[in-house]
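Report on the structure given below.
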Amino acid sequence: MGDQEPAPGTAMAGDEIIVCRDVHKWFGQHHVLRGIDLTVRTGEVVVIFGPSGSGKSTFIRTINRLEEHQRGQIIVDGIELSDDLRNIAAIRSEIGMVFQSFNLFPHLTALQNVTLAPIKVRHWARDRAEHEAMELLTRVGIPEQAHKYPAQLSGGQQQRVALARALAMQPKIMLFDEPTSALDPEMISEVLDVMRELAQSGMTMLCVTHEMGFARAVCSRMAFFDQGQIVELGPPWQIFDAPKHERTKRFLSQILH
Amino acid sequence: MTAEGERWLPPPDMSLGRRAWLRQNLFNSWWSSVVTVALGALLLWATVRIGAWAISEARWGVVTANLRLFLVGLYPADQVWRVWLGLTGLSVLGGVAAAVYRGGAVRTLAFWLAASQVLLAGLAAVSELGLVAALALLLNVGATWAAWAAARRLPIAGRALAAAWLVYLVLALILLAGVGGPLPVVGTNVWGGLLLTFLLAVAGIILSFPIGVLLALGRRSDLPAVRVFSTAFIEVVRGVPLVTILFMAAIMLPLFLPGEIRVEHVIRATAGITLFSAAYVAENVRGGLQAIPSGQYEAAHAIGLNAVQTNLHIILPQALRSVIPANVGLFISLLKDTTLVTIGAGLLEILGIGRAVLAQPEWFGAQMEVYLFIAAVFFVLSYTLSQASYRLEAALGVGKR
């Protein structure tokens, strides 16, 4: 680790909280990440977009070690990701993640989904965990669904429970892997509203999404992924209004028509 | 103006009257009428024949005269009260458990324990055991009911009850085996009959389940040594008949152990049954584990659960409830496979007792009666298990969520 990294756990607003240097990843012979460099500062919202198979999901999954990178360096809040199990546990407890297919635990109620990690990992008392969980469920707008099982909830409600579950660990960083792609159109906005509110509260967020309205309104920078590389990186006005790269232009024209 | 399409309509009445049902299902053509009448006649004839045999010809005395043998084997007659006392303890705890665990599965087990004791009391009343034994069995049923009624009004924690079960298991084994003094030692070699069948099955089920779960997890482990051991164990055990394992446990094990260590036959048979069953439990559970989507593991890891917590709180609860039907089927076949200890380990469980009874000169030719009785006993036990399993599935919502 170089001198420029801050001590673990002391990131202030504007500090570098995620540093990725020359990150490579292979699936068998297939080179899916080909040298990703990206630095994210505290409080930033970075939208990652690009064609399917471009490595964008794989990339954000390397940040909380759901996928292992095979070359390069990933430093999260001063802790470098390595095979050390303690480092992985420490980093995962600082990063929340929301998945495309929600991945709620179907045998637990919404409330139990949210309280599980605080009770088992943080060793909070049940009363405290449930109190905080109810506040989070209220924040995402579904306190009345607390005692229902995931199968009894709509897709939008499930995704909001998943958001509350991730927030329950009080993460410093939130990763979103296409959070609205599996939702019916009328449910997309209820999830995006919560994400927008979260961004305004100062959360550091990495979002893989093709919701360009959300990107333009909320994010500070956008990264266009293609074939395992970041082709273009810049603020939304530049990406939308003056893209420098031909491939970015072509992709945007396809999804914006 | 109300057009049809603008109204909410009640569903049409599709039910049939009794006559219409008969016509549609049994007599809807001349051919189906012939089949109905022919099969009906056959059924009637068989019922009359079997009924006549059972009432006038069968020598049920073979069962009533040997009831104690069938129930407890060669357990000394003056010590049989210890078995009854153990059964009373089971009845009381069963009643308490039925009140505490509201799922319905435990209630079903307690109900069938009581119901089979009523049946047994009827049998005992006309047997060599006499009215005293019948009364004792009925008192057990009363004890189940009283314990249930009392426990419903008391706040009993699940944990306290689990501890009580553990204490009961230890006490019941001490009671049966004896420690000397007022409780003379009764060697396990004379335990037999239904008592032995029941003990082997219960011990096999209770012990093989956790071992099987661990083997299933081991087979999917990232650690090569654990994976290879689990896989090898499962494949070897599944490739060998249970009788062979019992023979090996009974005859070959003593060859490997040092001379001064002597393991009793019952323990060896239990170990054989447990390890055999564990291999099958492991494969059932592995099937359940494979059905869990990888997103569940990812979500669990993402919120910071470690591997043990992920399995304990996320994966196993889902995997195990989806394999309840398969596992109960396995346990029913384990219950019936305990009969093999007669051949493989020389123990006299209920089938072995039946064969011993048939070897008595005065009961030559009473095979039908003996085997029907034993079949009925196994049916009641197996049916109890399968009923409890349906309740458990319903309570845990298999297939609903």
Side-chain angles (χ1 to χ4, degrees), chain A residues 57 60-61 63-68 83 85-86 88-109 112-123 148-153 158 161-171 173-177 182, chain B residues 101-105 157-159 213 216-217 220-224 226 285 287-327 391-401:
Chain A
S57 285
I60 69 163
R61 288 155 60 88
I63 292 171
N64 67 346
R65 200 67 167 185
L66 288 183
E67 303 284 359
E68 228 171 284
D83 286 333
L85 284 173
R86 277 167 306 172
I88 296 173
I91 282 169
R92 279 180 179 159
S93 68
E94 297 194 1
I95 303 180
M97 185 162 194
V98 174
F99 301 86
Q100 178 175 357
S101 49
F102 327 138
N103 293 349
L104 290 180
F105 306 129
H107 60 300
L108 302 178
T109 63
Q112 289 167 334
N113 264 279
V114 180
T115 56
L116 183 69
I119 291 174
K120 299 300 174 192
V121 181
R122 294 252 194 265
H123 304 293
K148 289 195 179 159
Y149 286 92
Q152 298 166 305
L153 301 176
Q158 288 190 53
V161 173
L163 251 158
R165 176 178 70 181
L167 292 174
M169 288 293 281
Q170 303 177 324
I173 301 162
M174 286 286 289
L175 306 176
F176 293 85
D177 188 0
Chain B
Y101 301 126
R102 303 193 177 275
R159 259 178 218 183
V213 170
L217 292 173
R220 290 163 56 94
S221 168
D222 293 331
L223 306 171
V226 174
V285 172
L289 290 173
Q290 277 171 344
I292 306 292
S294 60
Q296 293 288 306
Y297 290 91
E298 290 174 359
H301 290 153
I303 58 172
L305 300 182
N306 63 31
V308 173
Q309 290 169 327
T310 301
N311 274 314
L312 209 58
H313 302 297
I314 306 300
I315 306 303
L316 284 178
Q318 297 180 61
L320 293 182
R321 79 176 53 173
S322 72
V323 298
I324 290 170
N327 268 341
R391 293 304 178 90
L392 194 61
E393 287 165 40
L396 295 179
V398 175
K400 268 189 286 181
R401 288 200 281 272

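Within every chain, numbering begins at 1; the chains are lettered A, B, ... in the order of the sequence lines, protein sequences first and strands thereafter.
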Let me know if A:Ile91 has heavy atoms under 4.5 Å from chain B in its side chain, its backbone, both or neither. neither

Atom pair CZ/CD1 of A:Phe105 and B:Ile303 - distance to nearest 0.5 Å: 4.0 Å

Of all heavy-atom pairs between B:Ala302 and A:Phe99, which one has the smallest distance, and what is that distance? CB-CZ, 4.0 Å

Determine which residues belonging to residues 163-170 of chain A lie within contact range of chain B, meaning some heavy atom pair is under 4.5 Å apart, and list them by number or answer 'none'. A:Arg165, A:Met169

Under the side-chain hydrogen bond (donor to acceptor under 3.5 Å, both in side chains) rule, collect the residues that match up with A:Ser101, sequence neighbours excluded. A:Asn103

Excluding sequence neighbours, so at least two apart, what forms salt bridge (charged side-chain N to carboxylate O under 4.0 Å, His left out) with A:Arg86? A:Asp84

Separation between CG (B:Leu305) and CG (A:Leu116), nearest 0.5 Å, reads 5.0 Å

With rounding to the nearest 0.5 Å, note down the distance linking NZ in A:Lys120 to NE2 in B:His313. 4.0 Å

Determine which pairs satisfy side-chain hydrogen bond (donor to acceptor under 3.5 Å, both in side chains) with at least one residue from residues 290-309 of chain B, sequence neighbours left out, and list them in order. A:Arg61-B:Glu298, B:Arg220-B:Tyr297, B:Gln296-B:Gln318

What part of A:Leu66 is in contact with chain B, defined as an atom under 4.5 angstrom from a non-hydrogen atom: side chain, backbone, both or neither? side chain

